[in-house]
Amino acid sequence: MSYLGPEFDQPRPGGPRRPRRGPLTVALAALVPGALLGWVVYETVGSPDGGGSDQAAVRSATASPTSSAPLLPSYPGEDDKQSGAFAGPSARTGSSAPAASGSGSLKGKVVVIDPGHNPGNFQHASEINRKVDIGTNRKECDTTGTSTNAGYTEARFTLDVAHRLRTLLEQQGATVKLTHDDGSPSWGPCVDERARIGNAAHADAAVSIHADGAAPGDRGFHVILPGAVHAGAADTRPIVPASKDLGERIAGNFVRVTGEPPSNYLGGGTGLVTREDLGGLNLSTVPKVFIECGNMRDSKDAASLTSGTWRQKAAEGISAGIVSFLRGS
């Protein structure tokens, strides 16, 4: 997501960000049964064969095919010239993620996918700029999101990954709901409504998909966990532990399947950040996390984000984390 709007202000405690440090190095950690607890060395987990485990140790860092797609133009660097259409696993190219075993194993489980922003937001500035209550304070209803330098928008990216993720989860028997799709609604929803959709569905897990708009050279993904907030209409305390478990499992599987490194500018190399200023998390009553899949303003990350093959891997990594969480294994 773009950090250009108040709802997505990038936390920068202590002033401007320091110059980026050297290459990321993370020690290999032992497996811990029943819980995802960290990263393996990036060179190992990032290999094309998807080696590594989704239960390597993680520590948390705190920081304060769509029917409308044919109407959108193609952009330089996109390798899927069919508007992100996804026909299922048999149509995948270069996929390394193993299919989850057990057809229908998630029957009875409900997952809410929240594709960040909305392509229609650009035409509804006054609507998305109105303030809504997020518990801790009031912020803009939504933002337009960011884009690559070539103009591939975050809103288009998030819908594409959401469609791929929905297909994967439905193949496992899950009931999947999107907060918006196919131009309905034509803008938004507002961040408070996105949370309410997950709550009303009594979702077993909710994931908001984004891509960041940080400075060039800032690379990698990070998963945003809800902090313990108890203010106004917000009370995340009951969902913090489960959300942390969900986020760690998604992070571990995402790095394993995609090869995308954890963020080098947030989270201290863990790929995990805790925030208390996002309405979509503050107002949730179900386990929920955000994932920033990469930085659209960095040329290396942008090359991945605009690749249909890579977006399929991103969906598979997120799916594997959700499946692991829902199975409790």
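Count residues from 1 along the sequence.
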**Prompt:** Is it true that the side chains of Ser126 and His124 contain a donor and an acceptor less than 3.5 Å apart?
**Reply:** no

**Prompt:** Can you check whether Asn264 reaches Asp218 side chain to side chain, under 4.5 Å on heavy atoms?
**Reply:** yes

**Prompt:** With Thr285, which residues qualify under side chain to side chain donor-acceptor pair (under 3.5 Å), at least two apart?
**Reply:** Asn199

**Asked** Do the charged groups of Asp298 and Lys300 touch, with an N to O distance under 4.0 Å?
**Response** no

**Prompt:** Looking at Thr144, Thr143, Thr146, which one forms a side chain to side chain donor-acceptor pair (under 3.5 Å) with His117?
**Reply:** Thr143

**Prompt:** Does the side chain of His180 come under 3.5 Å of the side chain of Asp114 through a donor N or O and an acceptor N or O?
**Reply:** no

**Prompt:** Got Leu281 and Lys288 here, is their nearest side-chain heavy-atom distance under 4.5 Å?
**Reply:** yes

**Glu193 and Arg196 ion-paired at < 4.0 Å** = yes

**Message:** I'd like to check Phe157 versus Ser147 (side-chain heavy atoms, cut-off strictly below 4.5 Å). Are they in contact?
**Reply:** no

**Prompt:** Among all residues two or more places apart in sequence or in another chain, which pass the side chain to side chain contact (heavy atoms under 4.5 Å, CB included) test with Gln123?
**Reply:** none

**Student check: side-chain heavy atoms of Thr153 and Pro119 closer than 4.5 Å** = no

**Item:** Arg327 and Ser105 side chains, donor-acceptor separation under 3.5 Å
**Value:** yes

**Request:** Kindly say whether Ala303 contributes a backbone atom to a donor-acceptor pair with the side chain of Ser307 at under 3.5 angstrom?
**Result:** no

**Asked** Which residues pass the salt bridge (charged side-chain N to carboxylate O under 4.0 Å, His left out) test with Asp133, sequence neighbours left out?
**Response** none

**Prompt:** Can you tell if the side chain of Glu127 reaches within under 4.5 Å of the side chain of Cys190, non-hydrogen atoms only?
**Reply:** no

**Prompt:** Should Val223 and Phe325 be counted in the same cluster of Ile, Leu, Val, Met, Phe, Trp and Tyr side chains packed under 4.5 Å apart?
**Reply:** yes

**Prompt:** With side chains defined as the heavy atoms from C-beta onward, is the minimum distance between Asp212 and Met296 less than 4.5 Å?
**Reply:** no

**Arg166 vs Leu178 side-chain heavy atoms within contact, under 4.5 Å** = yes

**Item:** Separation between NZ of Lys139 and CG of Asp192, rounded to the nearest 0.5 Å
**Value:** 13.0 Å

